[in-house]
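Protein chains get the first letters and strands the later ones, always in sequence-line order, with residue 1 at the start of each.
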There are 2 protein chains.
Amino acid sequence: MKRDSRLSGVLHVLLHMAEHEGPATSEILARAMQTNPVVIRRILSGLRERGFVRSEKGHGGGWVLARDLSGITLRDVYDAIGNPALLAISNRTETPDCLVEQAVNAALADSFQEAEAMLLARFGNITLKMLHDDFHTRFTSAFPNREKDHIHEH
Amino acid sequence: MKRDSRLSGVLHVLLHMAEHEGPATSEILARAMQTNPVVIRRILSGLRERGFVRSEKGHGGGWVLARDLSGITLRDVYDAIGNPALLAISNRTETPDCLVEQAVNAALADSFQEAEAMLLARFGNITLKMLHDDFHTRFTSAFPNREKDHIHEH
DNA sequence: TTTTCATGTAACTTGTATAGTTACATGATT
DNA sequence: AATCATGTAACTATACAAGTTACATGAAAA
């Protein structure tokens, strides 16, 4: 695993849940993601706490979306998985004594903050509904003759 | 070590080299950076290959800048250390079969590319000279009475 | 009410990248 | 010839996401 792919992963899972009739189990979602059910539960726990999804135990249990796709932005999801670091590079020392390093940090920090702010702003403007619509465009384009079912196979 | 701090580190080293009279040894630079001389050699090897610094062995040897500070941008330095990943997050799969994941990737890829392009553009507009000038501003502000020497101690 | 199913979670292992260290060969200066 | 400094390989330490194992908890079905 090279870099953090939790955002990508959880978005994938949420869209699959949206397509799924009734509660989707961790195992079903894990199969679609080619990973382990525990990874799914772990990645979804933050979203449950914030009320974006619900989970039920026992027979007929599993995961369901608790909100309309148009009411969830990528920013919401990003926050729900715990605001992982967006940038792979950082300053050696956050509060250096060395004035040379302070000058370096200041220059980089400006750029870093701007990049992070830009990403978060963009995330805030993208809803799951948009991704969902994009998926359906891709689906009808790829399979013009088929009904939009059996999504997990594609 | 949490995240990649090579850019921050090498900039720090280069500015120290600029302040240093004559060749600076890896050991001197390592002391200023509070790290190991081998780390300095490793981090500077890419810059040597691209002609930004020169190194000499033996007595009186060490590292010197091979170009004016105004002729080196942060982008140059970033490229010289091997274009490390800028973003900490990425897509789970680069070329997924799943159309849902393709839709997710497309949305994220746009944002990621824009953020990376923005960072690189900013790096391209910042020269070492600017950082150097900023350092001197900080120095005279912190020590109004002192000549600008003994930089390594600050 | 007992079995089955599914989540909740802790604990551990794995993979990968930077950072740091050790050791030693190479070459330049004194 | 002795000394100094780089060049580089090989190893260890550290951090963290991802994956796995194991088992407790609770809900529905038989």
Name every residue in residues 76-87 of chain B that has at least one heavy atom under 4.0 Å from any atom of DNA chain D, in order of residue number, or write none if there are no such residues. none
Donor-acceptor pair under 3.5 Å: do we get one between B:R48's side chain and the base of D:dG7? no
Nearest-0.5 Å distance, CZ of residue A:R42 to CG of residue A:L44: 12.0 Å
Nearest 0.5 angstrom please: A:R6 CZ to B:I89 CD1, how far? 10.0 Å
Categorize A:R6 for me: base, sugar-phosphate, or nothing, with a 4.0 angstrom heavy-atom threshold over every strand shown. sugar-phosphate
How long is the straight-line distance from NE2 of B:H132 back to CG of B:L128, given to the nearest 0.5 Å? 10.0 Å
Looking across every strand, which nucleic acid part, if any, lies under 4.0 Å from A:R54 by heavy atom: base, sugar-phosphate, or nothing? nothing
A:D4, nearest nucleotide to its side chain (from C:dA19, D:dA17, D:dG19): D:dA17
Let's see if you can work this out: which of C:dT21, C:dT7, D:dG7 has an atom nearest to the side-chain heavy atoms of B:S55? D:dG7
Phosphate contact (D:dA18 OP1 or OP2) by A:T35 side-chain N/O below 4.0 Å: no
Tell me the interatomic distance from A:I89, atom CD1, to C:dA19, atom C1', rounded to whole angstroms. 16 Å
What is the distance from CH2 of B:W63 to P of D:dT6, rounded to the nearest Å? 7 Å
Which pairs, with at least one residue in residues 54-78 of chain A and sequence neighbours excluded, count as a side-chain hydrogen bond (donor to acceptor under 3.5 Å, both in side chains)? A:S26-A:W63, A:D68-A:S70, A:T73-A:D76, A:R75-A:D79
A:I40 atom CD1 is separated from D:dT20 atom P, nearest whole Å, by 12 Å
5' precedence on DNA chain D between B:T25 and B:R92 (nearest-nucleotide basis): B:T25
Quick check on D:dA5: is either OP1 or OP2 less than 4.0 Å from any side-chain nitrogen or oxygen of B:S26? no
Taken to the nearest whole Å, CG/A:L29 to P/C:dG8 is 12 Å
Would you say that more than 12 heavy atoms from the other residues, nucleotides or ligands in this model lie under 6.0 Å from the CD of A:E27, or not? no
For a quick check of understanding: with a heavy-atom distance under 4.0 Å over all strands, which category does B:S45 fall into, base, sugar-phosphate or nothing? nothing
Are the side chain of A:R3 and the backbone of B:L87 linked by a donor-acceptor contact shorter than 3.5 Å? yes
Roughly how many Å is it from CD in B:E27 to C1' in C:dT21, rounded to a whole number? 14 Å
Rounded distance (nearest 0.5 Å) linking atom SG of B:C98 with atom CD of A:Q34: 9.0 Å
Is there a side chain to side chain contact (heavy atoms under 4.5 Å, CB included) between B:L14 and B:L47? Walk through the geometry before answering. CA-CA 10 Å; B:L14 291 170; B:L47 282 95; 3.6 Å; yes
Go through it in stages, so that I can follow the logic: the residues are A:E19 and A:H136, the test is side chain to side chain donor-acceptor pair (under 3.5 Å), and I'd like the CA-CA distance, side-chain angles, deciding distance and then a yes or no. CA-CA 10 Å; A:E19 297 292 331; A:H136 279 290; 2.9 Å; yes
Are the ring centres of B:H20 and B:H16 closer than 6.0 Å? no
What is the distance from CZ of A:R42 to C1' of C:dC12, rounded to the nearest Å? 11 Å
Please report, rounded to the nearest Å, how far the C1' atom of C:dT7 is from the CE atom of A:M17. 13 Å
Strictly under 4.0 angstrom, non-hydrogen atoms only: write out the protein contact profile of nucleotides 22-30 of chain C, one letter per nucleotide from the 5' end, B, S or -. BB--BBBB-
